[in-house]
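For this chain, numbers begin at 1 and follow the sequence in order.
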Amino acid sequence: MPQAIATTAEGTRDGGESAAAGGAAGPAGTGGTGTGQAQGSDFAPLLRTVKGQGLLERRTGWYAVGIAVDLVALGAVITGMFHLGNTWWTLLLALPLAVFWSRIAFVGHDAGHAQITGNRRTGRAIGLVHANLLLGMNEAWWNDKHARHHANPNHIDKDPDVGVGALVWTQKQAAQREGFARWLTRNQARLFFPMLLLEGIALKVSGFQYLRQQPARERALSALLLVAHLGLYATLLLTVLSPGKAVVFALVHHALFGLHLGMAFAPNHKGMEMPDPDGDRWGHLRRQVLTSRNVRGGILIDWFLGGLNYQIEHHLFPSMPRPHLRLAQPMVRAHCRALGMPYAETGLIESYRQALRHMHEVGEPLR
């Protein structure tokens, strides 16, 4: 389901409040927009204000420069690997390579949301190159999963990010764990960051597994690019390093990559409100604001987290270009204050503390 997020995100510019509210609902039957008077009265004025400021207009030039810088930096790291050659010192370059892989991932994320360009073919091409070819991560898998998350964030039955997996997010989920999974849940808060070291490899595995769900033509293209990535990556490492050093480099690189991505995504929703599956459906404003957390910081935090530190604004306006999120923040905060709606914002370390506290509390009954 390529460009699932992009398809629905287009409505933010063209279809008024209802379409904007469904900007990441995706076509997978997971959501839509939440209807009724509450959504219209709460969200529509904010949408008009943001559109009036031109904050939903794309910044293609900004992205073009950013992509060029990222690719040059990536090329510089690879050049450095060739200069250092077959030595353990080359392992030091696994860190900058992981950092700039995360930059590539952030661009792929934004392409999936149609933030970069209004042309769907171009947007998908950017996503395929950045995700499948450069990272070895299936963009169709990511878009499908991420669209369902955006449609119903922190909804235990509809958001795949809070489904039962290696980690669990409610005490009801925890109560059903047995054996090793039960031990894992008891200790999930202290194991969270170590487990992120496996995420870089897990993303690749999930992407290959998703190929079976894609239509034949899409599957062929996705598989070709994923295999091409593996071939190019292996060729690079084995050209520069001995097989043993190459394996170590790959493991360290993917561990750091997974850790960086996890550190960017972990503060966004963990420990925030979770809608009652049996309760009333929340309107778009409430559904996105109450389940999301912003992270304060300046240019460095914005860069390190890829703009995802403006998570509330991103969820309200998923197709808003990344550089506009910080400009929309004062409007969103003021709107929430006028409505008496909580607006969660904290520092980076505190955001991790809150997320870990939630995971610790979920496992509490098992200890």
Side-chain angles (χ1 to χ4, degrees), residues 70 94-110 112-113 130-131 134-139 141-143 145-146 148-150 153-154 159-169 173 181 184-185 187-207 209-210 250-272 291-297 300-311 314-315 322 344 346-363:
D70 291 341
L95 176 58
L97 189 61
V99 169
F100 286 104
W101 259 29
S102 295
R103 307 302 303 167
I104 297 297
F106 293 145
V107 173
H109 166 270
D110 293 359
H113 279 295
H130 281 74
L134 295 180
L135 299 182
M137 183 181 77
N138 192 337
E139 58 91 36
W141 163 76
W142 171 258
N143 281 347
K145 173 178 178 289
H146 200 54
R148 289 183 284 129
H149 158 70
H150 265 265
N154 271 12
D159 182 357
D161 288 353
V162 292
V164 175
L167 306 175
V168 295
W169 309 104
Q173 290 174 332
L184 192 63
T185 299
N187 299 281
Q188 63 180 10
R190 69 185 66 176
L191 293 174
F192 176 69
F193 283 107
M195 290 173 66
L196 288 180
L197 299 174
L198 302 174
E199 187 64 18
I201 295 175
L203 292 174
K204 281 182 164 60
V205 173
S206 296
Q209 291 175 334
Y210 189 78
L251 291 174
V252 172
H253 173 217
H254 280 79
L256 294 173
F257 172 59
L259 181 63
H260 186 182
L261 280 189
M263 292 178 71
F265 283 94
N268 299 342
H269 303 281
K270 306 306 184 240
M272 297 303 297
T291 60
S292 302
R293 177 194 295 111
N294 278 15
V295 176
R296 286 190 298 268
L300 183 60
I301 293 296
D302 289 2
W303 188 87
F304 179 73
L305 299 182
L308 297 176
N309 47 312
Y310 302 103
Q311 190 68 193
H314 171 57
H315 262 257
R322 195 193 310 171
T346 187
L348 181 62
I349 301 303
E350 179 58 26
S351 72
Y352 294 140
R353 185 178 293 114
Q354 291 179 13
L356 293 175
R357 183 186 305 125
H358 173 72
M359 286 184 270
H360 180 79
E361 290 173 351
V362 167

Of all residues at least two apart in sequence or in a different chain, which pass the side-chain hydrogen bond (donor to acceptor under 3.5 Å, both in side chains) check with Gln311? His269, His315
Nearest-0.5 Å distance, CD of residue Glu139 to OH of residue Tyr210: 9.5 Å
Tell me, please, which residues at least two apart from Lys204 pass salt bridge (Lys or Arg N to Asp or Glu O under 4.0 Å). none
Applying salt bridge (Lys or Arg N to Asp or Glu O under 4.0 Å) to Asp70 and not counting sequence neighbours gives none
Would you please name every residue forming a salt bridge (Lys or Arg N to Asp or Glu O under 4.0 Å) with Arg353, sequence neighbours left out? Glu350
Can you sort out the partners of Asp159 under salt bridge (Lys or Arg N to Asp or Glu O under 4.0 Å), two or more places apart, ordered by chain and number? none
Approximate separation, where rounding is to 0.5 Å, of Asn187 CG and His360 NE2: 10.0 Å
Going by side chain to side chain contact (heavy atoms under 4.5 Å, CB included), name the residues that satisfy it together with Ala166, two or more places apart in sequence or in a different chain. Leu184, Met195
If you round to the nearest 0.5 Å, how far is NE2 of His150 from CG of Asn143? 10.5 Å
side-chain hydrogen bond (donor to acceptor under 3.5 Å, both in side chains) involving Asp110 - partner list, sequence neighbours excluded: Tyr63, Arg322
Could you tell me if His109 and His130 have a donor-acceptor pair between their side chains, going purely by distance under 3.5 Å? no
Value rounded to 0.5 Å, distance of CG in Asn309 from CZ in Phe304: 10.5 Å
Mind checking side chain to side chain contact (heavy atoms under 4.5 Å, CB included) for Val252 and listing every partner two or more places apart, or none if nothing turns up? Ala94, Val248, Leu256
A side-chain contact here means heavy atoms from C-beta on lying under 4.5 Å apart; do Leu348 and Leu305 qualify? yes
Min side-chain heavy-atom separation Leu97-Phe257 under 4.5 Å: no
Would you be so kind as to tabulate the donor-acceptor pairs closer than 3.5 Å made by side chains of residues 100-107, with sequence neighbours excluded?
residue	atom	partner	partner atom	Å
Ser102	OG	Ala98	O	3.2
Ser102	OG	His260	ND1	2.9
Arg103	NH1	Trp303	O	2.3

Sorted by chain and residue number, the side chain to side chain contact (heavy atoms under 4.5 Å, CB included) partners of Phe265 (sequence neighbours excluded) come out as Trp142, Leu261, Asn268, Leu308
Tell me, please, which residues at least two apart from His358 pass side-chain hydrogen bond (donor to acceptor under 3.5 Å, both in side chains). none
Can you name the side chain to side chain contact (heavy atoms under 4.5 Å, CB included) partners of Met272, sequence neighbours left out? Asn154, Arg293, Ala344
Rounded to the nearest 0.5 Å, what's the gap from CE on Met263 to CZ on Phe192? Could you check? 10.0 Å
